[in-house]
S.K.: 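Dumping the structure here so I can ask a few things about it.
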Amino acid sequence: ATAPTTTTPDSAASGSRKYLARPLIKDIYTADPSAHVFNGKIYIYPSHDIETGMPENDNGDHFAMRDYHILSMDSIGGKVTDHGVALDTKDIPWAGRQLWAPDAAFKNGTYYLYFPVKDKQDVFRIGVATSKSPTGPFKAQPQPIPGSLSIDPAVFTDTDGKTYMYMGGIWGGQLQRWRTGKYDASKPKEQEPGPQEAALGPKMARLSDNMLTFAEPVKEVQILGADGKPFLSGDNKHRFFEGGWLHKYNGKYYFSYSTGDTHLLVYATGDSPYGPFTYQGVIMNPVEGWTTHHSIVEVNGKWYIFYHDTELSGKTWLRNVKVTELKRQPDGRIETINP
Ligand code: FUB
């Protein structure tokens, strides 16, 4: 790992917001921030965007990231420390290319970093790496998690200690290639379900106590509209695209996600980590840039959303992470943010 570097983010009062969201760090590009509080400190597990000159396409080949840097902060609005390289593609024995959005968890004295990367056959799988420190360096397991697929792992530990992983993303995330249960490389993104068919849902499974394998077969998560029916594939303002996240508030489970080509962050609620989840509304309107990806975390009794946009570069594949407060109505409904 390289030596940590620190940055104090710009901040300013703006309207009713306590913090005007500015890039948390400016010396590297970061995206897809998964934030957690471990031992009272805030850790952010982002993608590390780089310029590789890959042509832009709907498969996301231009998101050709190679390593992860973990960021930490003592408080929201405080100094941000970049802890240097925590895991590099070259140290993942089964990896091919494209280290996308990661997440992390802590259990039994060990930190687990979950990451999607294409294997040597160009199929996205989810891997896991371990460390005794929240900032790594992390050591990758020799193989991907058996049964894992697609991208954007998000790991949630419930109050009973059980841990679940949510994963998946369509188009470049390859979820549509798994429709039959087996990977079908011949299917281009146009072979998603037709517009009048049910949309593809994210996948999930409970993790084993060792946090390295799934304890059960991977299942599809159901996201329903107010009419109790699954969203149609053509309903691209509501249907799941990528970037799922689960949090619990007042005993309810909130599953939030990106709608991709309509650039919204939306949420649905349910009574179990397995769902079904019923759509509730928009958390965040479109940011600058194509992708939108977030995490939601409680810090000292307040809730925050970490997300990214392209303020620093103006380029969709060179993003910067930000944080802002998440506000709720007394009944738990989340107020829409205009970033
Ligand atoms: O960063 C690469 C991909 O872009 C992520 O996996 C998606 O969620 C989107 O943010």
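Indexing begins at 1, ligand by ligand and atom by atom, following the structure's order. Atoms considered below: every heavy atom in the structure, side chains included; atoms not considered: hydrogens, waters and symmetry mates.
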S.K.: Quick one: does NZ or CZ of Arg125 land under 6.0 Å from the six-membered ring centre of Trp94, within 45 degrees of the ring axis?
M.R.: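 Cation-pi check for Arg125 and Trp94: fails.
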S.K.: Which residue supplies the protein heavy atom nearest to atom 1 (O) of ligand 1, what is that atom called, and how far is it?
M.R.: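 The answer is Asp32 OD2, 2.5 Å.
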S.K.: Taking atom 2 (C) of ligand 1 as the point of reference, which of Trp171, Phe115, Tyr257, Trp100 owns the nearest heavy atom?
M.R.: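 The option holding the nearest heavy atom is Trp100.
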S.K.: Enumerate the atoms of ligand 1 whose separation from the nearest heavy atom of Ala101 is less than 4.0 angstrom.
M.R.: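 The atoms of ligand 1 under 4.0 Å from a heavy atom of Ala101 are 6 (O).
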S.K.: Classify the angle between the aromatic ring planes of Tyr166 and Phe277 as parallel (below 30°), tilted (30 to 60°) or perpendicular (above 60°).
M.R.: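 Taking Phe277 first and then Tyr166, their aromatic rings stand perpendicular (interplane angle over 60°).
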S.K.: Among all protein heavy atoms in this structure, tell me which lies nearest to atom 9 (C) of ligand 1, with the distance rounded to 0.1 Å.
M.R.: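 Of the protein heavy atoms, Glu242 OE2, 3.2 Å lies nearest.
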S.K.: Within the 4.0 Å heavy-atom shell around Met65, which atoms of ligand 1 are there?
M.R.: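 Going through ligand 1 atom by atom, the ones under 4.0 Å from Met65 are 1 (O), 2 (C).
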S.K.: So, does Arg319 sit close enough to ligand 1 that a heavy atom of it is under 4.0 Å from the ligand?
M.R.: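 In this structure, Arg319 qualifies as a contact of ligand 1 - some heavy atom is under 4.0 Å.
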S.K.: Does any N or O of ligand 1 fall below 3.5 Å from an N or O anywhere on His293, backbone included?
M.R.: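 Yes.
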S.K.: Measure the acute angle between the ring planes of Phe63 and Trp100, then classify it against the limits of 30° and 60° as parallel, tilted or perpendicular.
M.R.: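 Judged by the thresholds at 30° and 60°, the geometry between Phe63 and Trp100 is perpendicular.
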S.K.: Report yes if some N/O of Asp49 lies less than 3.5 Å from some N/O of ligand 1; otherwise report no.
M.R.: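 There is no such contact.
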S.K.: Below 30° counts as parallel, above 60° as perpendicular, anything between as tilted: where do the rings of Phe241 and Trp171 land?
M.R.: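 Correct class here is perpendicular.
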S.K.: Any atoms of ligand 1 less than 4.0 Å from a non-hydrogen atom of His308? List them with their elements.
M.R.: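 Selected atoms, number and element: 10 (O).
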S.K.: Do any N or O atoms from the side chain of Arg239 and from the backbone of Thr259 form a donor-acceptor pair under 3.5 angstrom?
M.R.: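 Yes, Arg239 side chain to Thr259 backbone: donor-acceptor pair under 3.5 Å.
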S.K.: Going by the atom numbers of ligand 1, which of them fall below 4.0 Å from some non-hydrogen atom of Asp152?
M.R.: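 Near Asp152, meaning under 4.0 Å from one of its heavy atoms, ligand 1 has 5 (C), 6 (O), 7 (C), 8 (O).
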S.K.: Would Asp91 and Lys139 pass as an ion pair if we require N to O under 4.0 Å?
M.R.: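 So Asp91 does not pair with Lys139 through a salt bridge.
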S.K.: Do the ring planes of His36 and Phe38 sit parallel (below 30°), tilted (30 to 60°) or perpendicular (above 60°)?
M.R.: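 Rings of His36 and Phe38: parallel, under 30°.
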